[in-house]
Amino acid sequence: MSIVKINALTVPDEQRAVLEQRFASRAGSVESSDGFEWFELLRPVEGTDQYLVYTRWRSEEDFQAWMDGPMKAAHQGGGAAGGAGGEGGGERPKPAATGSSVWSFEVVQQAAPKQG
């Protein structure tokens, strides 16, 4: 079964739009990675200032390959959570998130809607 990585990002109210725009402008940066299965950016509704970045991968190895390759390259030039929307050179924008922790899970059960 797959693995899930959830990055919990602490985002102050005044940075919410910035974070969401940075993720929107990253369009396609993970979708073509080998072993990638799913992405969701979850906005908090109440009771927390943490956004959840949910990704699902075929294996831990696929996730690590993405972390060591495309993700690392994107964040060195300014990434969605930590840095830029990526306009040319110059100073990197301030991170939108003030904190981050990554949670790892193995999918042990799953269900999909019944067809038909």
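Reckoned from all heavy atoms, side chains included, excluding hydrogens, waters and symmetry mates.
Summarising the geometry, atom CG belonging to L42 is positioned 11.5 Å from atom OG1 belonging to T48; distances are rounded to the nearest 0.5 Å. Distance check, rounded to the nearest 0.5 Å: CD of E60 to NZ of K5 gives 3.5 Å. E40 contributes atom CD, which lies 10.0 Å from atom CG of L52 (distance to the nearest 0.5 angstrom). Rounded to the nearest 0.5 angstrom, E61 CD and Q64 CD are separated by 8.5 Å. Distance check, rounded to the nearest 0.5 Å: CZ of R22 to CD of E20 gives 12.5 Å. Interatomic distance, CZ of R58 versus CD of E37, reported as 7.5 Å (0.5 Å rounding).
Under the 4.5 Å side-chain heavy-atom criterion for Ile, Leu, Val, Met, Phe, Trp and Tyr, F39 and L9 are members of the same hydrophobic cluster. Residues M1 and Y54 fall within the same hydrophobic cluster, defined by Ile, Leu, Val, Met, Phe, Trp and Tyr side chains chained together at heavy-atom separations under 4.5 Å. Placement of Y51 and W38 in two distinct hydrophobic clusters is found when ILVMFWY residues are connected by side-chain heavy-atom separations under 4.5 Å, directly or transitively.
The shortest distance between side-chain heavy atoms of F23 and V53 falls below 4.5 Å. The shortest side-chain heavy-atom distance between T98 and P12 falls under the 4.5 Å cut-off.
Nearest approach of S100 to N7, heavy atoms of both residues: OG-OD1, 2.6 Å. For R16 against P44, the heavy-atom pair with the smallest separation is NH2-CG, 3.0 Å. Minimum interatomic distance between G35 and D62 (heavy atoms only, all atoms of both residues): CA-OD2, 3.5 Å. Counting all heavy atoms, side chain and backbone alike, Q50 lies closest to T10 at NE2-OG1, 3.5 Å. In terms of heavy atoms, Q110 sits closest to V107 at OE1-CG1, 3.8 Å.
The only option from W57, W66, F63 that meets the ring-ring contact (aromatic ring centres under 6.0 Å, His included) definition with F36 turns out to be W57.
Between W103 and F105, the two ring planes are perpendicular [angle over 60°; tilted spans 30° to 60°].
Sparse packing is recorded around CD of E106, with 12 or fewer heavy atoms of other residues, nucleotides or ligands lying under 6.0 Å away.
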